[in-house]
Amino acid sequence: MAVSSAKRRHKVRRRADMSLLGGIRPPIAVLSALLLALAGLTALGFGKPANEPLPTAVRTSQQHFAEDGAIALRASLDESITDLNRTASLFNAGDPVSADTVLDKLGNVYQKWRGSAIVEIKSGKLLAARGENVPLLAVDREKLSDEDGLAPRMVRLKNGETRLLTFALLSWEGKPQQLLITSNSLKVPGVSLGKFRVIAVVDSGGTILSSDGLRAAEDIPSKTVEDEVKETKKQLRTFAKLAAEKSAANPITTKEPGSGGFFGVSGTMTGPRISQERPVVGYATLAAPEAGESTSATGLGLSVVTLVTVPENTSRVTDPLFGLVAAAALLVIGALAVAMLLGTVQRPLIRLFLESRRLSRGDLTRPVTVPRFGETRRIGEALERLRLQLLGGTPAETSADGTGADGAKRRRGRRVGTRALLAGCGILLLIWSAPMMLLLNRAGDTIVVPQQLVNDQRDRTDTLTDRVRRALNEGHADLLSVATLIGDQTSPADTATVLERTMTEHPRYRSLYVLSADGSIVAKAGETPQHPGGKREGNAPIAVLGTDSKEPQVAGYAGLPGRDGAFVVGEFRVDFLNSLLKRPGLGQVRIVDAERRTVGSNTGYRAFQKLPSSRLDSLVEATGQKVGLSPRPSGVLFRDGDGIQIAAAAPFVGGGAAKSLGWTVVSWQPASALAIPEYSAQNRTVLAGLLGVTAAAACLGWLHIVVVRPLRELARQAETLADGDRRTVLYPRHHDEVGAIARSLELLRQQLQEQRRREGAPPALAERI
């Protein structure tokens with residue numbers, strides 16, 4: 001029995017002599033390193049003036065503007081190619097018609113091409129032509145049978161302009177094959193440029209194929225303005241070359257991981273000043289709507305470049321000394337907190353570890369040095385009592401009754417636990433972090449929001465409005481095309497085939513069907529029609545089917561020739577309309593009807609709900625008022641109790657079937673969401689405060705879990721042992737200072753047991769001990 005006890009004591013001593021792993025030192029060391037790193041980041045992040053001449057928000061807005069133009073151009077080109085091929089396939093499925101009939105019907109349904117022609121492929125004979133002359137000499141008829149023989153191509157005209165030629169085959173049994181050719185310019189459709197913005201379409205070599213926004217010669221009022229226009233043209237050519245070089249990169253390498261958004265290559269550039277203004281350029285390649293895919297338009301290698309001159313802001317936003325003062329304050333407070341942990345937690349615990357090891361090795365000559373506070377004081381008192389008991393005292397004789405002046409001090413020391421000391425350190429660190437998060441570097445309500453951001457919000461909203469209107473007009477044009485090509489003798493089966501083909505080529509519809517005069521459905525494709533009672537809603541070509549459904553139902557109508565009262569009806573998918581609104585940098589976007597009820601949105605919404613604020617309602621109402629011949633888009637900067645907010649509204653204007661809807665697109669976003677210097681400084685300040693709170697919570701929490709909780713339990717066990725409990729074995733939880741003290745207490749317990757046996761305790765009592 002004695003040999004076994006000796007082995008156990010030797011094993012415990014050997015483990016106690018091992019190097020301590022974990023324990024109290026790592027949390028305090030990590031806290032010191034984190035506070036030092038945070039002080040350095042604070043000094044570097046705020047140590048330089050944050051007076052950006054061109055805020056990041058302005059540059060990012062130009063990038064988004066170029067992306068909008070690239071999306072609009074890509075969608076327009078792909079839609080034109082799809083419409084031409086689908087129209088040709090519908091003609092091919094019917095009886096042969098003359099070339100003039102084909103071009104007449106094509107022109108009646110679609111007004112998107114500058115010129116069109118039909119050529120007999122074998123002989124090269126021109127059968128019919130409409131609009132401007134199509135450059136037929138640029139078409140090699142012998143290569144049409146090649147793999148890419150019918151692919152769209154760009155042709156340079158003699159006057160320097162560029163045309164995009166698209167092709168489709170007309171084939172009827174027993175007749176020579178014909179080539180349908182259309183030509184169109186490469187001008188970006190439906191982009192609102194404002195007053196001073198220039199936009200250009202650039203090929204892969206950096207050549208400007210078309211441009212818009214430059215002042216004409218008759219609009220230049222003075223020599224100074226003429227020089228500015230010349231300089232703008234020069235810079236536009238230079239930036240076109242640079243944009244073409246940058247556009248050749250892989251889109252994945254040009255974006256931050258997880259950024260999403262635009263799937264092509266896009267970015268911004270800045271140039272030298274022009275009359276105290278800085279030109280800012282945005283560029284974007286034509287990219288497919290889905291990642292990793294390609295379309296006919298994306299294969300052309302085109303890019304969109306925008307240029308706008310912006311006044312620079314040289315006012316100082318933050319004091320460069322702020323970062324140094326904040327960093328110095330953190331160093332002082334952090335030093336106090338770390339010193340508090342070292343003086344009141346770490347050193348007493350290490351002293352207890354040394355004292356307990358001294359006692360376990362048999363050195364009982366000196367009294368135990370008892371710490372002043374908390375659990376370490378309780379353990380120190382218990383060690384002193386155990387030392388006296390090993391010298392011959394009894395638990396009753398060494399009991400600490402807490403009487404007298406010393407007892408009052410003891411009780412006060414016991415009340416201040418280690419958890420209270422950790423809380424004090426946390427409060428000390430919070431003195432620095434809380435003002436950083438809540439008080440310092442606040443942007444306030446008087447910050448300067450660049451006017452260019454308000455203009456961009458208005459122009460981009462107007463561009464988005466035109467995009468939605470064009471999408472609805474294109475959908476209605478498809479319905480007219482289907483209705484024109486479905487004759488009065490077409491069977492329901494053939495009609496269903498045409499509808500299915502249209503559904504496949506155009507995913508904008510949820511349902512396509514033919515509605516007879518009596519309200520019955522003759523043929524359909526897609527989902528179940530939602531038409532109420534089989535009756536048409538009013539006489540408008542596009543209408544909303546009631547306002548009591550869970551989601552808005554929008555339908556387009558096209559009358560069937562030769563079938564009085566029958567219509568081809570296409571119900572648009574609401575998700576299709578909502579997807580058009582998903583553009584970064586615009587905040588929340590909604591489509592509202594004439595009564596300002598929500599029809600579509602880029603975020604969650606309830607059908608036909610009102611706008612969230614009365615000021616947006618007033619903005620939409622004011623924008624709907626005619627200025628001249630038609631309403632105009634408007635943008636405004638709100639400053640009130642709800643914070644600073646940029647908002648814009650743009651009503652449906654222009655021709656087409658969608659104009660009768662009377663819809664308006666409205667967008668808004670808080671200015672705090674933009675990369676404006678004042679808000680950037682505020683965000684960095686809040687981030688510094690959050691990092692301080694996080695570092696304190698992580699390290700102090702670590703210290704509480706690893707040290708304080710085991711220490712509290714060990715203090716209870718040490719007092720129980722000092723009170724005479726010799727049966728409870730003390731097991732160390734971790735191989736650290738607290739664990740080492742627990743091992744020493746276990747050795748002392750075993751020594752007290754052996755001492756009692758040597759003193760001749762009765763066998764039964766010894767067994768209980």
Side-chain angles (χ1 to χ4, degrees), residues 71 74-94 102 105-106 109-110 112 147-148 150-152 166-172 180 182 263 286-299 467-468 470-487 490-515 521-531 541-542 553-558 560 566-580 657-658:
I71 291 174
R74 193 271 310 158
S76 176
L77 295 179
D78 283 337
E79 186 74 27
S80 297
I81 296 169
T82 301
D83 289 339
L84 187 66
N85 291 328
R86 186 180 58 83
T87 302
S89 64
L90 291 176
F91 275 113
N92 292 334
V102 173
K105 288 189 175 182
L106 188 67
V109 175
Y110 301 107
K112 61 175 63 177
E147 183 178 356
D148 297 329
L150 295 176
T166 52
F167 309 95
L169 293 177
L170 296 173
S171 302
W172 292 287
L180 174 59
T182 60
F263 293 114
L286 270 60
E290 300 293 337
E293 296 184 357
S294 61
T295 66
S296 299
T298 58
R467 187 182 175 200
V468 175
R470 285 176 180 270
L472 292 172
N473 287 344
E474 290 285 352
H476 186 260
D478 292 336
L479 298 179
L480 290 176
S481 176
V482 172
T484 301
L485 297 174
I486 295 178
T490 305
S491 65
D494 293 338
T495 301
T497 302
V498 173
L499 297 179
E500 289 284 356
R501 185 183 304 166
T502 305
M503 283 280 296
T504 303
E505 294 173 345
H506 298 287
R508 62 168 62 97
Y509 305 105
R510 66 173 300 276
S511 179
L512 278 174
Y513 51 93
V514 174
L515 192 67
I521 296 177
V522 177
K524 74 178 184 69
E527 301 178 20
T528 303
Q530 300 293 323
H531 212 287
I542 302 178
Q553 300 292 340
V554 183
Y557 301 88
L560 281 172
F567 297 92
V568 175
V569 184
E571 295 181 3
F572 295 93
R573 291 191 302 109
V574 177
D575 291 342
F576 164 73
L577 294 177
N578 293 340
S579 66
L580 300 177

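Start at 1 with the first residue, then count along the sequence. What you see is a predicted model; the values in this text were computed from it and never measured.
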Given side chains that start at C-beta, do those of L472 and L577 come closer than 4.5 Å, heavy atoms only? yes
Report yes if the side chains of I542 and V554 come closer than 4.5 Å at any heavy-atom pair, otherwise no. yes
Non-neighbouring partners of [X] that pass side chain to side chain contact (heavy atoms under 4.5 Å, CB included), sequence neighbours left out:
{"X": "I81", "answer": "N85, P152, T166, S296"}
{"X": "V522", "answer": "P492, V514, S516"}
{"X": "Y110", "answer": "D83, R86, T87, L106, K112, W113, E474, A477, D478, S481"}
{"X": "T295", "answer": "R74, D78, A288, P289, A297, T298"}

For the atom pair [atom1] ([X]) and [atom2] ([Y]), what is the distance rounded to the nearest 0.5 Å?
{"X": "L84", "Y": "S89", "atom1": "CG", "atom2": "OG", "answer": "10.0 Å"}
{"X": "L77", "Y": "E79", "atom1": "CG", "atom2": "CD", "answer": "11.0 Å"}
{"X": "L150", "Y": "F167", "atom1": "CG", "atom2": "CZ", "answer": "7.5 Å"}

With sequence neighbours left out, the residues meeting side-chain hydrogen bond (donor to acceptor under 3.5 Å, both in side chains) with E571 are R510, Y513
side-chain hydrogen bond (donor to acceptor under 3.5 Å, both in side chains) partners for N92, two or more places apart: none
Would you name the heavy atoms of [X] and [Y] that are closest together and state the gap between them?
{"X": "W172", "Y": "F91", "result": "NE1-O, 3.0 Å"}
{"X": "L499", "Y": "A523", "result": "CD1-O, 3.7 Å"}
{"X": "K524", "Y": "P529", "result": "CD-CD, 4.0 Å"}
{"X": "P541", "Y": "H476", "result": "CB-NE2, 3.3 Å"}
{"X": "R573", "Y": "P507", "result": "NE-O, 2.7 Å"}
{"X": "L512", "Y": "G570", "result": "CD2-CA, 3.5 Å"}

Short question: side chain of R508, backbone of F576 - any donor-acceptor pair under 3.5 Å? no
For side-chain contact (heavy atoms from CB on, under 4.5 Å), just list the numbers for L169 and L180, CA-CA rounded to whole Å, side-chain angles, deciding distance to a tenth of an Å, and then say yes or no. CA-CA 6 Å; L169 293 177; L180 174 59; over 6 Å; no
With Y509, which residues qualify under ring-ring contact (aromatic ring centres under 6.0 Å, His included), at least two apart? F572
Return each pair, listed once, that meets salt bridge (Lys or Arg N to Asp or Glu O under 4.0 Å) where at least one residue sits in residues 492-502; pairs must be two or more places apart or across chains. none
